[in-house]
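Take a look at the structure below.
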Amino acid sequence: MEAATATEVVIVGAGPVGLTLACDLARRGAGVRIIDRAEKFQVGTRARGVRGRTQEVFEDLGVLDELRKHAEAPGTSRFYDEDGNVVRDVVMYDAPPVPGAPYPGSLMAGQQFTEAVLRERLASHGVAVELGGEFTGFRQDRDGVTADFRFSGRREEIRARYLVGCDGAGSTVRKRAGISFLGETWERQRMLFGNLTVDGLDDSVAHLWAAGPGGMLSLAPMPKSGTWFFTAPLPAEGGGEPVSVEAFADIFAERVGLPGVTFRDPVYLSVYQVNIRMVDRYRAGRVLLAGDAAHVHPPAGGQGMNTGVQDAYNLGWKLARVLRGAPESLLDTYEEERMPVARHVLDTTVARGRHWAAAGAAQVADRMRGTFEGKDPFSDVSGLSLHYRGSSLARQLDDGIGVRAGDRAPDAHGTDTATGEQVRLFDLLRGTHFTLLLFGSRPAPVAGEDVHVHRIAGDEARERYGVKDDGLVLVRPDGYIALAGGAWGDRSVADYLAPLAVE
């Protein structure tokens with residue numbers, strides 16, 4: 001066993017969730033190590049839909065432009081009925097404009113590219129992912145946590161102030177922390193999915209056989225990775241099938257029976273077992289959980305990776321602030337704000353999946369398209385309407401303006417009255433600071449050193465924020481409104497920030 005090495009935060013798991021958290025912490029100057037048990041970086045599409053709010057997060061982290069280079073162009077999805085007849089050609093992942101949201105639609109990119117651009121960004125902060133490290137346990141005390149890892153040929157103890165498990169549904173961190181993972185496993189609902197090469201099928205569209213026994217079978221071309229992404233329902237009575245191209249070919253032949261279509265060269269293959277589970281707490285002392293380690297649910301609506309990224313983005317600024325001396329109670333707001341979101345995602349994905357399964361092929365096409373166009377009857381899959389109203393970090397001064405504390409701060413253009421320059425509000429919010437937006441002529445309140453203050457003029461910004469006369473909006477580092485109102489005192493902002501003060 002090597003002597004214990006020291007850092008501030010150890011992250012277990014280097015998928016999109018762990019990488020998002022590591023990037024956010026590293027840009028704030030926190031000491032961080034991120035370790036994954038895999039021996040090499042994974043390839044394959046896996047989670048491919050980057051929704052609107054996640055794109056905003058990635059823009060703030062500085063990776064969105066690079067990820068766009070790997071995104072698939074919006075294309076047509078072709079739906080077939082049980083007899084193989086085409087019933088709908090739809091474009092699912094575009095969405096109509098949403099006021100104050102620059103990215104209302106979905107960015108379709110293979111997860112390998114999402115992880116690669118996040119790793120590159122993390123490296124620009126001087127942090128590299130460490131591969132081949134199996135987390136085996138931890139011990140914690142009043143001052144920190146000691147995490148145990150097994151690397152090839154050696155063991156290492158890492159002493160840190162906090163440990164964060166982003167290690168997926170089978171999280172070892174969660175298990176070692178003794179945190180319950182409550183819910184159920186749908187034993188009869190399993191999917192085979194992955195990436196492979198397809199010959200003999202029109203690659204100008206995605207193909208979905210939406211009606212039939214066991215669920216949807218789909219094949220979608222992914223030109224940027226040179227493969228096709230597929231999903232296929234496995235027989236309910238099975239359980240011991242080999243994960244192979246042959247297994248997929250057999251399912252395709254039975255379900256579709258389209259002659260001349262062949263499959264080869266798998267990039268990755270996996271079996272997805274439907275689980276509906278979530279933790280009863282996000283934290284055990286100095287150990288925290290994010291992403292699938294804290295909640296898993298049916299895939300309907302593509303919420304898994306996106307919800308996990310939002311977990312990490314909510315936690316990052318809070319954890320960094322505690323490391324700088326803010327009260328540890330700030331970490332309690334992570335569970336306070338994210339637990340209701342996870343519960344809502346579990347409920348709505350279950351309901352949405354059943355809604356789709358109860359329909360014919362044409363109805364499934366219409367319902368799926370409606371989901372990604374903001375017409376879903378269960379929830380907003382874009383994440384743009386997510387809010388933390390009622391949180392202990394959301395304080396409404398009065399009803400003098402339209403936006404509310406806890407809301408996502410909308411984007412808009414306006415004029416910075418101090419410089420006379422035209423500005424985009426998201427450009428002002430980008431970074432690690434709080435942002436104070438003032439409208440009207442009322443005197444500015446006292447603000448702290450890490451608060452950037454801008455007095456904004458312009459009809460678009462006023463409309464987006466619902467301001468007619470004077471207005472104050474204090475925006476958190478994660479882009480949600482902390483404090484809002486039409487009238488304020490000299491100490492309004494300072495009093496809000498006092499319980500969050502760092503040393």
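- Proximity of Asn306 to Val309: side-chain heavy atoms (C-beta onward) are nowhere separated by under 4.5 Å.
- Residues passing the side-chain hydrogen bond (donor to acceptor under 3.5 Å, both in side chains) test with Lys69, sequence neighbours excluded: Glu66.
- Side-chain rings of Trp209 and Phe252 approach one another, their centers coming within less than 6.0 Å.
- Using a 4.5 Å heavy-atom threshold, the side chains of Ile11 and Ile35 count as separate.
- Between Phe151 and Phe149, the angle of the ring planes lies from 30° to 60°, which puts this pair in the tilted group.
- Shown here are the side-chain hydrogen bond (donor to acceptor under 3.5 Å, both in side chains) partners of Trp356, two or more places apart in sequence or in another chain: there are none.
- Taking the ring centroids of Phe230 and Phe248, they lie under the 6.0 Å cut-off.
- Donor-acceptor pairing under 3.5 Å is lacking for the side chains of Thr349 and Gln303.
- The existence of a salt bridge linking Arg37 and Glu134 is confirmed by a sub-4.0 Å separation between a basic side-chain nitrogen and an acidic carboxylate oxygen.
- Interatomic distance, CZ of Arg255 versus CE of Met216, reported as 9.0 Å (0.5 Å rounding).
- Legend: residues meeting side-chain contact (heavy atoms from CB on, under 4.5 Å) with Thr432, ordered by chain and number and at least two apart, are Arg27, Arg28.
- At least one side-chain heavy atom of Asp24 sits under 4.5 Å from a side-chain heavy atom of Tyr313.
- For Gln111 and Glu115, the side-chain atoms include at least one donor-acceptor pair closer than 3.5 Å.
- Checking each of Gln55, Glu56, Glu59 against Tyr103 for a side-chain hydrogen bond (donor to acceptor under 3.5 Å, both in side chains) leaves exactly one that passes, namely Glu59.
- Between Arg155 and Asp148 there is no salt bridge, since no side-chain N of the basic residue sits under 4.0 Å from a carboxylate O of the acidic one.
- For the residue pair Arg338 and Tyr388, a side-chain donor N or O sits within less than 3.5 Å of a side-chain acceptor on the partner.
- With no hydrogens or angles considered, no side-chain donor-acceptor pair links Arg150 and Thr136 at under 3.5 Å.
- Donor-acceptor pairing under 3.5 Å is recorded for the side chains of Thr146 and Arg159.
- Rounding to the nearest 0.5 Å places NE2 of His207 at 12.0 Å from CZ of Phe79.
- Side-chain atoms of Thr185 and Asn275 form a donor-acceptor pair, as typed in the model, at a separation below 3.5 Å.
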>> I'd like to know whether Ile251 forms a side-chain contact (heavy atoms from CB on, under 4.5 Å) with Leu217, so could you lay out the CA-CA distance, the side-chain angles of the two residues, the decisive distance to 0.1 Å, and finally the verdict.
In response: CA-CA 9 Å; Ile251 296 170; Leu217 188 152; 3.9 Å; yes

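- Rounding to the nearest 0.5 Å places CG of Leu386 at 8.0 Å from CZ of Arg53.
- With hydrogens and angles left out, the side-chain atoms of Glu337 and Tyr480 include no donor and acceptor closer than 3.5 Å.
- Atom CG of Asp292 sits about 7.5 Å away from atom CZ of Phe181, to the nearest 0.5 Å.
- How far CZ of Arg78 is from CG of Leu219: 13.5 Å, rounded to the nearest 0.5 Å.
- If you take NE2 on His355 and CD on Gln363, they are separated by 8.0 Å, rounding to the nearest 0.5 Å.
- We find that Glu130 and Arg33 are joined by a salt bridge, their nearest charged nitrogen and carboxylate oxygen being less than 4.0 Å apart.
- Between Leu25 and the choices Leu319, Leu122, Ile34, the side-chain contact (heavy atoms from CB on, under 4.5 Å) rule is met once, by Leu319.
- Sorted by first and then second residue, the salt bridge (Lys or Arg N to Asp or Glu O under 4.0 Å) pairs with a member in residues 262-274 read Asp199-Arg264; sequence neighbours excluded.
- Within the 4.5 Å cutoff, the side chain of Phe229 has no heavy atoms near those of the Arg46 side chain.
- Judged by a 6.0 Å distance limit and a 45° cone about the ring axis, Arg176 is not positioned over the six-membered ring of Phe138.
- Under the ring-ring contact (aromatic ring centres under 6.0 Å, His included) criterion, Phe372 pairs with Tyr93, sequence neighbours left out.
- Here salt bridge (Lys or Arg N to Asp or Glu O under 4.0 Å) pairs that include residues 347-360, with residues two or more places apart or in two chains, are Arg352-Asp376.
- When atom types are taken as modelled, the side chain of Asp167 and the backbone of Gly13 share no donor-acceptor pair closer than 3.5 angstrom.
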